[in-house]
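All remarks here apply to the structure that follows.
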2 protein chains.
Amino acid sequence: MSRTPHHPTREQIELPMVLDCLSDPIRLAIVYQLAQQERVSSELCCGDFNGLSGKSNLTYHFAKLRECGLMLTRVAGTNRFMRLRREDLDARFPGLLDAVISSAARDADRLQLVAECEVVKAE
Amino acid sequence: MSRTPHHPTREQIELPMVLDCLSDPIRLAIVYQLAQQERVSSELCCGDFNGLSGKSNLTYHFAKLRECGLMLTRVAGTNRFMRLRREDLDARFPGLLDAVISSAARDADRLQLVAECEVVKAE
DNA sequence: TCAATAGTTCAATAAACGTTGAACATAGGG
DNA sequence: CCCTATGTTCAACGTTTATTGAACTATTGA
């Protein structure tokens, strides 16, 4: 069925929505994991986050992240590949994403974030 | 009645709570206004925000901002003077507050934030 | 072609949220 | 001493939120 799901344009990205999206622990963990993945310039798909919650709940959080402009979803067969909208976010809110991610990294224990090595999949 | 209201310690300040607090447009406007006031190193009291909402609703938002560690309230007579917890926030989440405030400033129109000159009270 | 895989949709639920107004508390100035 | 100004508390409300499980769709590989 569904072609490419809806994404807001860069200009449509709103600060309060982005902050609200990042304020949920599960979504923050997703964003953090996507940020780690940026370093090896590959994408992650839904299944890579199964540790965080159930599938239907993740679908809900992915939709929020997409609709507020934090991430981009690309449909490929039965998979949906996701990555951060790094360029758009840095253009709209310079330094914000990095500050959030490095703050999250400092509190990784408290936030129960996965360690880096666990994120990058072995291939 | 109430002596100094409760504030979390620096270490108790949590990233998701801070982001959630900043995601509300009224609270973001309050924080923005407090940030402008930092420049003249003075404080603001509740009444200075009456343009944003009704008094009891502001009390509610002030409590949220206090409890999540974003601001400090000092009781003086019948007034409550407030300021950002700049040092604590910069220590816990380096760059975050500045990124949020400058992002808000860029979107001042959209977010309906008061202009700088209106914030600093004439004396 | 069939079965397994990957993910979505939908309805239901409980909790948290933002907003309002009325009643209350407290301090300071005439 | 009272009156006013400043701000809080409380209950009520309608809305939005996160979470769950069951049913569903669609693609792929054997």
Side-chain angles (χ1 to χ4, degrees), chain A residues 1-7 14 16-31 33-34 42-68 70-83 111-112 121, chain B residues 1-7 14 16-31 33-34 42-68 70-83 111-112 121:
Chain A
M1 188 201 354
S2 61
R3 329 281 297 126
T4 314
H6 178 258
H7 296 83
E14 306 252 23
M17 281 184 164
V18 166
L19 294 173
D20 184 50
C21 231
L22 291 169
S23 75
D24 180 274
I26 290 186
R27 289 193 294 262
L28 184 56
I30 293 170
V31 166
Q33 212 155 314
L34 288 173
S42 66
E43 300 163 302
L44 289 176
C45 67
C46 305
D48 294 320
F49 301 92
N50 282 339
L52 294 175
S53 185
K55 289 205 300 180
S56 71
N57 188 228
L58 286 178
T59 297
Y60 166 76
H61 287 300
F62 292 144
K64 287 238 145 190
L65 288 164
R66 218 185 330 102
E67 287 159 12
C68 87
L70 269 166
M71 72 178 209
L72 209 119
T73 303
R74 182 175 64 86
V75 179
T78 143
N79 293 298
R80 276 100 214 271
F81 290 101
M82 300 174 296
R83 60 181 187 277
L111 298 172
Q112 309 199 93
K121 297 189 289 189
Chain B
M1 189 198 353
S2 60
R3 327 280 299 129
T4 314
H6 178 259
H7 295 83
E14 307 252 22
M17 281 184 164
V18 167
L19 295 173
D20 184 49
C21 233
L22 292 169
S23 75
D24 180 274
I26 291 187
R27 290 193 294 262
L28 184 57
I30 294 171
V31 166
Q33 213 155 313
L34 288 173
S42 67
E43 301 161 301
L44 289 176
C45 65
C46 306
D48 295 320
F49 302 92
N50 281 340
L52 294 176
S53 184
K55 290 204 300 181
S56 70
N57 187 231
L58 286 177
T59 298
Y60 165 76
H61 287 300
F62 292 145
K64 287 241 143 186
L65 287 164
R66 219 187 328 103
E67 286 159 13
C68 86
L70 268 165
M71 72 178 207
L72 209 120
T73 302
R74 181 175 65 84
V75 179
T78 140
N79 293 296
R80 275 99 213 271
F81 290 101
M82 301 175 295
R83 59 179 186 280
L111 299 172
Q112 309 200 90
K121 298 189 289 189

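All chains are named by letter (A, B, ...) in the order of the sequence lines, taking the proteins before the strands, and each is independently numbered beginning at 1. Worth saying up front: this structure is predicted, and the values here are computed from it rather than measured.
- Proximity note for Y60(A) (side chain, C-beta onward) versus dA18(D), dT8(C), dG18(C): the nearest is dA18(D).
- Taking the side chain as every heavy atom from C-beta outward, S53(A) and H61(A) never approach each other to under 4.5 Å.
- Rounded to a whole Å, the CZ atom of F81(B) is 13 Å from the C1' atom of dA27(C).
- Picking from dT20(C), dG7(C), dG7(D) the nucleotide with the shortest atom distance to the side chain of C45(B) gives dG7(D).
- Atom C1' of nucleotide dT5(C) and atom CG of D48(A) are separated by 14 Å, given to the nearest angstrom.
- Counting only heavy atoms from C-beta outward, the side chains of P25(B) and L111(B) never approach each other to under 4.5 Å.
- Between the side chain of S56(B) and the base of dG21(C), at least one donor-acceptor pair of N or O atoms lies under 3.5 Å.
- Each of dT19(D), dA18(D), dT8(D) was ranked by its minimum atom distance to the side chain of I26(A); first place goes to dT19(D).
- Dashed line: the shortest gap from a side-chain N or O of N79(A) to OP1 or OP2 of dG7(C) is under 4.0 Å.
- Rounding to whole angstrom units, CE of residue M82(A) and C1' of dG7(C) are separated by 10 Å.
- Between the side chain of N79(A) and the backbone N or O of F81(A) there is no donor-acceptor pair closer than 3.5 Å.
- Map T78(A) and S53(A) each onto its nearest nucleotide of DNA chain D; the residue landing nearer the 5' end is S53(A).
- One atom, CZ of F62(B), and another, P of dT6(D), lie 13 Å apart when rounded to the nearest Å.
- Using a 4.0 Å cut-off, no side-chain N or O of K55(A) falls inside it from OP1 or OP2 of dT20(D).
- If you find the closest nucleotide of DNA chain C to L58(B) and to K64(B), the one lying nearer the 5' end belongs to K64(B).
- Side-chain N/O atoms of H61(B) include none lying less than 4.0 angstrom from OP1 or OP2 on dC17(C).
- Judged by distance alone, the side chain of H7(B) and the main-chain N or O of T73(B) form a donor-acceptor pair under 3.5 Å.
- Atoms CZ (F49(A)) and P (dT8(C)) sit 12 Å apart, rounded to a whole Å.
- Across the protein-nucleic acid pair, E67(A) atom CD and dA18(D) atom C1' stand 15 Å apart, rounded to whole Å.
- G54(A) comes within contact range of no nucleotide atom at all, as no heavy-atom separation falls under 4.0 Å.
- Of the possible polar contacts, one joining the R27(B) side chain to the C21(B) backbone as a donor-acceptor pair under 3.5 Å is found.
- The CG atom of N57(A) sits 12 Å away from the P atom of dT8(C) (whole-angstrom rounding).
- Note on T59(A): a side-chain N or O is less than 4.0 Å away from OP1 or OP2 of dT8(C).
- Whole-Å rounding puts the D24(B) CG to dT17(D) C1' distance at 15 Å.
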